[in-house]
Amino acid sequence: MPVKNRFAELLPEIVGWRHDIHANPELLFEVHRTAAKVAGLLREFGCDQVVTGVGRTGVVGVIKGKCDSSGRVIGLRADMDALPIHEGTGVAYASTTPGRMHACGHDGHTSMLLGAAKYLAETRNFDGTAVVIFQPAEEGGGGGREMCADGLMTRFGVQEVYGMHNMPGIPVGHFAIRPGAMMAAADQFEITVTGKGGHAAKPHDCIDTTVVAAHIIVALQTIASRGVDPLKQVVVSVCTVATDSPAHNVIPQVVVMKGTARTMDPAVQDFVERRVAEIASGTAAALGARATVDYQRGYPVTVNAPANTAFAAAVAQAVSGQVDTDTPPLMGAEDFSFMLNERPGAYIFLGNGDTAMVHHPAYNFDDAAIPFGASWYAGMVESRMPSP
Ligand SMILES: [Zn+2]
Ligand SMILES: [Zn+2]
């Protein structure tokens, strides 16, 4: 099962969808135009069912195979949202909305899954049901979580679910995957330090919140360096420090720090949450100040089930013969994790070649990757539910 010939024929059409979506980027849950286009195309392809508004602006298409003796239902997922970045690609089909662009390739993911849906609806050469899932708000809004909360898995009977993301730095046509943790959990925290503000020339009359904040930032580094097994991955970054005074001669009353914590293991995640609170409040108390911590759990760890990973890798191998099955995990996070927490499945990287990294203004999805990605989506259905 190499790249399907049908996708060579469909390529100009799929590229057309991609460029149209690229020129009209939408953010988070506000993907109304994109979702309407997706739903319209799925209806045009003759999907057995097309449901909109799943998880606010998500779209689901159901395609039944020639027969259904297997009783199997496989979910394939793509994301539809763009990023608040000013596009710097200079391509003819660049964003028409200043300050927004498809800088993560979700335009490519959506178009490849549309291509696979068109092919599957034409051929129906499988025994079971394919559910194509188009989610909003992958870039921080939790669209995958919203679709799951809206009954995605139970309403459509999804038994397994597969996702794909392009990855710069991996050659076009190559795939990369690993069993187990593939992407990190991403939590965020906000630490508020309250002391006693005053004149900068009279520090002895104050409780200097900037000094307390500096001690907290340094002490937080011991979570990774002294607290967690060096063989386990953890990142704790303080990214924003804001005082309540812009002056050069005022000791601020309050300092607010914001940061992120990335982990690959639930026990490490629990440890980090506890230690951020203990270190902030303990350090502040030692220096006569007070610290409160608001710690919010974000996207969970993206965990590939071993059997489904082997299956996804085998289909990728059949498509291009180029699969890295032991790709290193990334400390970025992925909203598809919510779907993988509900059903077994796998998430695979598709090479985007030597391009700028995702989330960079010069990044662009490579249309040459489309036949590989679309063949993988379709191959997952045909191989997992072979027609008798
Ligand atoms: Zn992204
Ligand atoms: Zn992305």
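Indexing begins at 1, ligand by ligand and atom by atom, following the structure's order. This one's a predicted model, so the numbers in the text were calculated from it and none came from an experiment.
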Query raised in the report: Checking ring pair (Phe, Tyr, Trp, His ring centres under 6.0 Å) for the pair F349/Y347: CA distance, chi angles, key distance, verdict?
Result: CA-CA 7 Å; F349 290 137; Y347 177 75; 5.7 Å; yes

Expected list for residues 224-237: side-chain donor-acceptor pairs under 3.5 angstrom, two or more places apart:
| residue | atom | partner | partner atom | Å |
| --- | --- | --- | --- | --- |
| S225 | OG | Q221 | O | 3.1 |
| D229 | OD1 | L231 | N | 2.8 |
| K232 | NZ | D265 | OD2 | 3.2 |

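The Zn ion (ligand 1) lies at the vertex of an angle of 150° between the SG atom of C104 and the OE1 atom of E139 (rounded to 10°).
Note on ring orientation: taking the six-membered ring where Trp is involved, the planes of H102 and H22 are tilted (angle from 30° to 60°). The aromatic rings of H165 and H106 lie perpendicular to each other, with more than 60° between the two planes, well past the 30° mark.
The Zn ion (ligand 2) is closest to atom NE2 of H106 (considering only N, O or S atoms).
In summary, H109 places no N/O/S atom under 2.8 Å from the Zn ion (ligand 2), failing the contact criterion.
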